[in-house]
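Worksheet for the structure shown next.
Reckoned from all heavy atoms, side chains included, excluding hydrogens, waters and symmetry mates. Sequential numbering from 1 along the given sequence is applied to the chain's residues.
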Amino acid sequence: MKVVIFSAPSGAGKTTIVRHLLSKPDLKLEFSVSACTREPRPHEVNGKDYYFMTPDEFKQHLQNKEFLEYEEVYKDIFYGTLKSEVQRIHDDNKSVIFDVDVKGGLNVKKHFGENALAIFVKPPSLEILQQRLLQRSTESEEKLKMRLGKAVYEMKYESFFDKVIVNDTLEHALEEAEKLVRQFLGK
Ligand code: ADP
Ligand code: 5GP
């Protein structure tokens, strides 16, 4: 089973790129829906964007060893890949697409070895990243600062990934992502 991993600082454009790839039926990709303990954003759907959980529910899954990987991406906010998600997609004869943080991305890559393509999405600059996060207007000022603060650290992980896409103009980034994924999947 082949898997494609997208990692990047928050606001770099992972979700936008992943959605584009999922809209191409011939790629036969399916999104690995992660568990997380943050509040849903307006328009986010439980079971589609994330499995939204309370910290206690998350801990329970952790104790039951149900996670392939998990991270405390921000202080007290946990995100994790459920083994059952990967199994579900495998049973469906599809390739998995992951949107995970940089550490999770590298753990998933290690798990799947040669069968994984790990792509780092890079914003053109931290200033542009800030603008995009502001425009998305999903975060409070405090949360925005937390995400930007972490971005500086996350950018250091770029060199551990198989490929890097600079998300400058969206059209270019989507084209590049599709090209790399098609090459890797042989489609
Ligand atoms: P992530 O999933 O990495 O946090 P998103 O895909 O949510 O990032 O993108 C963050 C915001 O930036 C969204 O509002 C998105 O519409 C916008 N965006 C993404 N790529 C570009 C781009 N190339 N140019 C301008 N805005 C973009
Ligand atoms: P957001 O709150 O913006 O949806 O996601 C915040 C960060 O958590 C992003 O970098 C996203 O890729 C990451 N993330 C989402 N799901 C998972 C997961 O299952 N595991 C890990 N390690 N990170 C995740």
Does Arg19, at its CZ atom, have more than 12 non-hydrogen atoms belonging to other residues, nucleotides or ligands within less than 6.0 Å? no
Testing the 3.5 Å rule here: is there a donor-acceptor pair between the side chains of Asp91 and Gln87? yes
Take Phe78 and Val73, measure what side chain to side chain contact (heavy atoms under 4.5 Å, CB included) needs, and give me the verdict at the end. CA-CA 6 Å; Phe78 291 84; Val73 178; over 6 Å; no
Could you go through Lys48 and Val33, starting from their C-alpha distance and side-chain angles, then the distance that decides it, and tell me whether this counts as side chain to side chain contact (heavy atoms under 4.5 Å, CB included)? CA-CA 6 Å; Lys48 186 168 170 275; Val33 181; 5.9 Å; no
Neighbour count >12 (heavy atoms, 6.0 Å) for atom NZ, Lys94: yes
Do Ile165 and Leu29 land in one hydrophobic cluster if side-chain heavy atoms of ILVMFWY residues count as linked below 4.5 Å? yes
Give a yes or no on whether Lys83 atom NZ has more than 12 heavy-atom contacts from other residues, nucleotides or ligands under 6.0 Å away. yes
Quick check: are there more than 12 heavy atoms from other residues, nucleotides or ligands sitting under 6.0 Å from OH of Tyr50? yes
Is the shortest side-chain N to carboxylate O distance from Arg88 to Glu30 below 4.0 Å? yes
When Phe6 is tested against each of Leu117, Val100, Leu21 for side-chain contact (heavy atoms from CB on, under 4.5 Å), which residue passes? Leu21
Examine Val152 and Met155 and state if one hydrophobic cluster contains both, with Ile, Leu, Val, Met, Phe, Trp and Tyr joined whenever side-chain heavy atoms are less than 4.5 Å apart. no
Would you please indicate if the ring centroids of Phe98 and Phe31 are separated by under 6.0 Å? no
Please determine if Asp26 and Arg182 form a salt bridge, counting it only when a charged side-chain N lies under 4.0 Å from a carboxylate O. yes
Start with the C-alpha distance between Leu180 and Ile119, add both sets of side-chain angles, then the distance that settles side chain to side chain contact (heavy atoms under 4.5 Å, CB included), and finish with yes or no. CA-CA 9 Å; Leu180 291 174; Ile119 300 178; 4.3 Å; yes
Indicate yes or no: does Arg38 engage Glu44 in a salt bridge with an N to O separation below 4.0 Å. yes
Determine, using the 4.5 Å side-chain heavy-atom cutoff (strictly less than), whether Ile17 and Val181 are members of one ILVMFWY cluster. yes
May I ask you to establish whether Lys2 and Phe184 are in a cation-pi arrangement, using a distance under 6.0 Å from NZ or CZ to the six-membered ring centre and at most 45° from the ring axis? yes
Taking Glu57 for the side chain and Thr54 for the main chain, is one N or O donor matched with an acceptor at less than 3.5 Å? yes
Just checking Lys163: does its NZ atom have more than 12 heavy atoms from other residues, nucleotides or ligands closer to it than 6.0 angstrom? no
Do NZ/NE/NH1/NH2 and the carboxylate oxygens of Lys109 and Asp162 come within less than 4.0 Å? yes
Do His172 and Asp168 get their side chains close enough for a donor-acceptor pair, meaning under 3.5 Å? yes
Anything under 30° is parallel, anything over 60° is perpendicular, the rest tilted; go ahead and classify Tyr157 against Tyr153. perpendicular
Hphob cluster co-occupancy, Ile97 + Tyr51, side-chain heavy atoms under 4.5 angstrom: yes
Can we say Lys179 and Glu176 salt-bridge, meaning some charged N sits less than 4.0 Å from an Asp/Glu carboxylate O? yes
Polar contact flag, side-chain donor to acceptor under 3.5 angstrom, Glu72-Tyr79: no
Using a 4.5 Å cut-off on heavy atoms from C-beta on, say whether the side chain of Ser10 contacts that of Arg136. yes
Modelled atom types, side-chain donor and acceptor of His111 and Glu69, under 3.5 Å: no
Joint cluster assignment, Leu174 & Leu185, ILVMFWY side-chain distance < 4.5 Å: yes
Is it the case that over 12 heavy atoms from other parts of the model lie below 6.0 angstrom from the NZ atom of Lys187? yes
